[in-house]
Amino acid sequence: MTTVSDKDFPPPVKWADDRLGIGKIGKKNLRKVFPDHWSFMLGEIALYSFIILLLTGVFLTLWFRPSMAEVEYQGSYSLLKGLHMSEAYASTLDISFDVRGGLLMRQIHHWAAVLFVASMMVHLLRIFFTGAFRKPRELNWLIGFGMLFLGIIEGFIGYGLPDDLLSGTGLRITQGMIQASPVVGTYMSFFIFGGEFPGDDFVSRFFTVHVLLIPGLILALVTAHLFLVVYHKHTQYPGPGRTEKNVVGYPLMPVYMAKAGGFFFVVFGITALMGALLQINPVWLYGPYNPAEVTAGSQPDWYMGWLEGSVRLMPGFESEFWGVTLSWNLLIPALIIPPAFVTLVALYPFIESWITGDKREHHLLDRPRNVPTRTGIGAAFITFYGLLWIGGGNDLIAIHFGLSLNSVTWFLRFAVFLGPIFAFWVTRRIAISLQRADNDRLLHGLESGIIVRTPEGEYYEKHTPISKYEAYELTARDRTLPLEIGPETDDNGVRAPKRALRKLRAKLSEFYFADAVQKPTAAEIAEAHAHGHHDEHEPIEGVTGTVELDEGTSREATRH
C-alpha cells in the first residue's frame with residue numbers, strides 16, 4: 001500500500017526506501033538541530049581537510065613509485081639530470097615537473113595536511129577551554145585526541161616518502177630516537193627500516209602505512225566521532241532559551257547542509273589557492289637523500305617542531321648499566337617527556353572529574369573565565385608546547401636575531417619549566433579578574449558616564465542595567481565549592497578507608513576552586529539594589545529579573 005509520503009519521493013529514492021528504509025532514518029536525523037557558532041566550524045575545517053587529503057592523495061598515488069631502487073634521473077629538472085637517486089625521489093620530481101597539475105596537487109596535499117593538523121589542534125583547544133569534554137563526551141575527547149596523534153604520524157610519514165635530503169634527515173633523527181629505546185631499540189629500527197638505515201624497504205613500508213593503514217584508522221575514528229556527536233547531541237554556549245535539555249539552532253536539512261556544503265568549497269578553494277601561490281616542500285632544492293649529508297637549517301613540519309625542540313634542549317649525557325647504554329639525551333626528551341605530556345592531556349577529563357567530583361552530564365559549555373584553574377592549566381600546556389616548538393628552531397633564532405646559540409638554548413632550558421608556571425598564574429588571575437568584572441556588571445550595571453548630584457550634595461555616577469540576554473548568559477553557571485573529605489571515622493568509630501587519598505583529593509579540589517568568584521546570590525543582588533542605586537528611575541529589575549536564583553537556591557552552592 002502506498003502512503004501519501006511515499007508519493008513525495010522521486011522514483012529512485014522510493015526504490016531505495018522500499019529496500020533500505022531510508023525514509024524513516026532520514027525523517028528523524030535530517031531534521032536534527034545543530035547550534036550555530038563560528039567556533040564549531042573548526043572541526044569542520046579538519047573534516048574537509050581530510051577529504052581534500054583523500055582526493056589529492058588518490059591522484060598522487062597514480063604516479064608515485066614507492067621504491068628504493070636506484071635509477072638515473074632523466075627528467076625535466078636539468079640541475080639534477082644524470083644524478084643517481086631512488087625511484088621514489090625520481091617519481092616525486094616527475095610529479096612536480098612532468099605530470100600535468102602534479103605540482104599543484106602535491107602542494108594542495110601538503111597544505112591540506114598542515115591545515116588538517118592545525119585545525120584539529122585548535123578544535124581540541126576549543127573543546128578543552130569550554131569544557132566540552134565533560135560527561136558524557138570523555139570518549140569523544142579520546143577519539144579526537146587519537147585522530148590528532150594519527151594525523152601527526154601520518155604527516156610525518158608522508159613528508160618522508162619523497163626520499164629527499166630533508167625528509168631523510170628527519171628520518172635519521174627518528175631512527176636515533178628509536179635506537180635510544182633500551183634493549184629493543186635496535187630490533188625496532190631493523191624492523192621499521194628493513195635493515196641498517198636507511199635500508200631498502202622503508203619507502204614501500206611507509207607508503208602502505210601512509211595510504212592504507214592510517215587513513216583507514218582516521219576514517220573509522222571520524223565515523224565514530226560524528227556518530228557520538230549525533231548521539232549525545234551537540235554542545236552549545238549559554239544563552240536565552242538554551243538549557244542542558246535542549247539544543248537551539250538550525251536543522252541539519254536544509255539549513256545546516258547548505259551552510260556546511262558552502263563552507264567545504266570555501267576550505268577547498270583557500271587550500272587550492274595556497275597550493276597554487278605558496279610554495280611548500282620544494283624537494284628539488286634539497287636533492288636526493290645521502291646518509292653522509294645533512295641539509296643546512298633543516299626543520300621538520302611545524303607540528304613535529306616541539307619534539308625536535310625537546311631533543312635540542314636536552315643536555316647530552318648517557319649512562320651504562322650492566323652493559324646496557326642509556327642515552328638520556330634522547331631517552332628523556334623523545335621517549336619519556338612526549339608520551340607523558342600526551343598521556344596527561346588525553347586523560348585530563350577523567351582527572352578533572354575525579355578532582356571536582358562532578359559526575360553530572362553537561363551540554364552547556366563553560367566560559368573559560370568561569371573555570372580559571374582549567375583555563376590556567378590550558379595556558380600552561382600551550383606555553384610548554386610553544387617553548388619546545390621554539391627550541392626546535394633555536395639555531396635559526398640565534399642566526400636571525402644575532403644571538404648566541406648557547407644563550408638561546410640555556411634560556412629555553414629554564415623557560416620550559418618556569419614559563420608554564422608563570423603562564424598558569426597570570427592566566428588564572430586574569431580569569432578571576434574577568435569574573436569579578438562580570439559580577440560587578442550584574443550587580444551594578446554599566447557605567448553611563450552621567451554624574452548626578454543628590455539634594456544632600458553627594459555625587460555619584462548613574463549605572464545602566466545590562467540587557468536581560470546578557471545577564472542570562474552571565475548567570476548561566478553553577479555555584480561550586482571544593483569537596484569535603486568528611487569525618488575521620490564513621491558512626492561506629494571505624495576509620496574511613498583510603499583516608500590519605502581522600503585528603504589528597506580534597507587538597508586538589510580546594511586548589512582547583514581556590515579564589516574562583518561565585519555568581520551573585522539573590523540576597524547579594526537585593527543588597528546591591530538597596531545600596532548601590534540612587535535613581536528611582538534606574539530599575540535594577542532589568543538585571544535581577546534574569547538571574548535564575550531564588551531565595552531557596554541562593555542559600556546553597558552546588559557542591560559536586
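Remember, it's a predicted structure, so these values are computed and weren't measured experimentally.
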- prompt: Between Arg428 and Thr375, is any side-chain donor less than 3.5 angstrom from a side-chain acceptor?
  reply: no
query: When you check the side-chain N and O atoms of Tyr77 and Ser96, is any donor under 3.5 Å from an acceptor?
result: no
Parallel, tilted or perpendicular: rings of [Y] and [X] (30°, 60°):
| X | Y | result |
| --- | --- | --- |
| Phe128 | Trp141 | tilted |
| Trp284 | Phe97 | perpendicular |
| Tyr48 | Phe264 | perpendicular |

Kindly give the heavy-atom pair with the smallest separation between [X] and [Y], and that separation in Å.
| X | Y | answer |
| --- | --- | --- |
| Pro35 | Gln236 | CB-CB, 4.0 Å |
| Ala180 | Leu335 | C-CD1, 4.0 Å |
| Ala132 | Arg126 | CB-NH1, 4.2 Å |
| Arg65 | Ser91 | N-OG, 3.2 Å |
| Ile45 | Ser119 | CG2-CB, 3.7 Å |

Using a 3.5 Å distance criterion without hydrogens, assess whether the side chain of [X] forms a donor-acceptor pair with backbone atoms of [Y].
| X | Y | answer |
| --- | --- | --- |
| Ser204 | Asp201 | yes |
| Tyr289 | Ser86 | no |
| Ser509 | Thr356 | no |

query: Could you go step by step and tell me if Arg205 and Ile192 meet the side chain to side chain contact (heavy atoms under 4.5 Å, CB included) rule?
result: CA-CA 8 Å; Arg205 294 183 179 186; Ile192 293 173; 5.8 Å; no
query: Can you name the residues that form a side chain to side chain contact (heavy atoms under 4.5 Å, CB included) with Met304, not counting sequence neighbours?
result: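 By the side chain to side chain contact (heavy atoms under 4.5 Å, CB included) rule, Met304 matches Ile152, Phe156, Pro300, Leu307.
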If you count heavy atoms of other groups shown closer than 6.0 angstrom to [atom1] of [X], is the number above 12?
| X | atom1 | answer |
| --- | --- | --- |
| Tyr231 | OH | no |
| Phe191 | CZ | no |
| Tyr250 | OH | no |

statement: Residues passing the salt bridge (Lys or Arg N to Asp or Glu O under 4.0 Å) test with Arg134, sequence neighbours excluded, are Asp366
message: For residues 98-127, which residue pairs pass the ring-ring contact (aromatic ring centres under 6.0 Å, His included) check, not counting sequence neighbours?
response: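 Only Phe50-Phe116 qualify under ring-ring contact (aromatic ring centres under 6.0 Å, His included).
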query: Applying ring-ring contact (aromatic ring centres under 6.0 Å, His included), which residue pairs with at least one partner in residues 402-425 are found, sequence neighbours left out?
result: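 For residues 402-425, and leaving out neighbouring residues, the ring-ring contact (aromatic ring centres under 6.0 Å, His included) pairs sorted by first residue read Phe424-Phe511.
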Ring centres under 6.0 angstrom apart (Phe64, Phe207):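 Distance test on ring centres: under 6.0 Å, yes.
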query: Does Trp63 have any ring pair (Phe, Tyr, Trp, His ring centres under 6.0 Å) partners at least two apart in sequence or in another chain, and if so, which?
result: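 Scan of Trp63 (ring pair (Phe, Tyr, Trp, His ring centres under 6.0 Å), adjacent residues dropped) gives Phe59.
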Under 3.5 Å, which donor-acceptor pairs do the side chains of residues 382-391 form with other protein atoms, sequence neighbours left out?
{"unit_1": "Thr383", "atom_1": "OG1", "unit_2": "Ala379", "atom_2": "O", "d": "2.8"}
{"unit_1": "Trp389", "atom_1": "NE1", "unit_2": "Trp302", "atom_2": "O", "d": "3.0"}

